[in-house]
Amino acid sequence: MTYLVEIPVTFIKEYPSSFQRGEAMKRLSLFIMLLSVLLVGCMQAPEITEAEAVAFIEQLHTNSFGTAKVISIDYRFGRYAVEWENEGNCEWGIDYVDGDDGSVEMKQASIC
């Protein structure tokens, strides 16, 4: 007498199929694009204009020895990085001007 016993067998794939990997990549790239659009959309324009930031620095560093002149200005992370020089007393430096309230923070300054 022989008995037939059925044993259920399941196959486990170690790696996802190429179709599943493609779908995952599509979802990931869509998520990254959506996140970048949200981050760019949430960035607000500064309340202080570039011209106002230049005026703040020129007024702050102009003295009886000479007039301050802005060499370069760059807006990043909510503040302006302003590089300036005053040739009258051989002074130069880099200041940060907050884009919202206009407060000035000195990063670097040097006198010859």
Side-chain angles (χ1 to χ4, degrees):
M1 171 180 259
T2 61
Y3 295 102
L4 290 176
V5 178
E6 291 186 24
I7 300 175
V9 177
T10 57
F11 293 99
I12 300 174
K13 290 186 177 181
E14 292 182 26
Y15 301 104
S17 69
S18 60
F19 176 75
Q20 289 171 334
R21 284 189 302 245
E23 288 296 314
M25 289 300 292
K26 285 180 188 178
R27 287 188 193 125
L28 180 63
S29 61
L30 181 62
F31 175 73
I32 290 172
M33 288 187 340
L34 180 64
L35 185 63
S36 63
V37 166
L38 288 175
L39 288 176
V40 170
C42 292
M43 294 177 66
Q44 297 178 357
E47 292 184 19
I48 304 295
T49 65
E50 189 172 302
E52 290 172 324
V54 168
F56 289 153
I57 297 303
E58 288 176 345
Q59 181 181 8
L60 183 65
H61 294 289
T62 296
N63 52 35
S64 60
F65 297 108
T67 304
K69 179 177 73 171
V70 172
I71 300 169
S72 69
I73 186 166
D74 186 30
Y75 183 76
R76 289 187 186 173
F77 306 114
R79 62 185 183 178
Y80 291 99
V82 183
E83 184 177 359
W84 56 272
E85 71 176 346
N86 185 339
E87 293 179 356
N89 62 350
C90 192
E91 184 180 16
W92 73 273
I94 300 171
D95 291 346
Y96 291 128
V97 179
D98 190 278
D100 293 328
D101 62 8
S103 61
V104 178
E105 176 187 338
M106 184 180 294
K107 177 186 176 192
Q108 178 180 1
S110 174
I111 298 176
C112 297

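Owing to the predicted nature of the structure, the values given are computational and were not obtained by experimental measurement.
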Q: Would you please test Glu58 and Val70 for side chain to side chain contact (heavy atoms under 4.5 Å, CB included) and show each step?
A: CA-CA 7 Å; Glu58 288 176 345; Val70 172; 4.1 Å; yes

Q. Hey, quick one: are Ile94 and Tyr75 part of the same hydrophobic cluster, counting side-chain heavy atoms closer than 4.5 Å, chains of contacts allowed?
A. no

Q: Spell out, yes or no, whether Tyr96 and Ile57 are grouped together once hydrophobic residues are joined by side-chain heavy atoms under 4.5 Å, including indirect joins.
A: no

Q: Take Glu52 and Glu47, measure what side chain to side chain contact (heavy atoms under 4.5 Å, CB included) needs, and give me the verdict at the end.
A: CA-CA 10 Å; Glu52 290 172 324; Glu47 292 184 19; over 6 Å; no

**Q.** Gap separating the CG atom of Leu28 from the CE atom of Met33, nearest 0.5 angstrom
**A.** 11.0 Å

Q. Shortest non-hydrogen contact from Pro46 to Tyr80?
A. CG-OH, 3.4 Å

Q: Say whether, by atom type as modelled, one donor and one acceptor occur between the side chain of Ser110 and the main chain of Trp92 under 3.5 angstrom.
A: no

Q: Give a yes or no on this: more than 12 heavy atoms of other residues, nucleotides or ligands lie within 6.0 Å of atom CD of Gln59.
A: no

Q | Value rounded to 0.5 Å, distance of CD in Glu50 from CG in Asp74 | A | 9.0 Å

(Q) Show the nearest heavy-atom pair for residues Asn63 and Asn86, with the distance to one decimal. (A) OD1-ND2, 3.5 Å

Q. If you take all heavy atoms of Arg79 and Asp98, which pair is closest and at what distance?
A. CB-CA, 4.1 Å

Q) To the nearest 0.5 Å, what is the distance between CG (Asp95) and CD (Glu83)? A) 10.5 Å

Q. From Phe65 CZ over to Cys90 SG, what is the distance, rounded to the nearest 0.5 angstrom?
A. 12.5 Å

Q: Write down the atom of Ala53, the atom of Ile73, and the distance for their closest heavy-atom approach.
A: CB-CD1, 4.0 Å

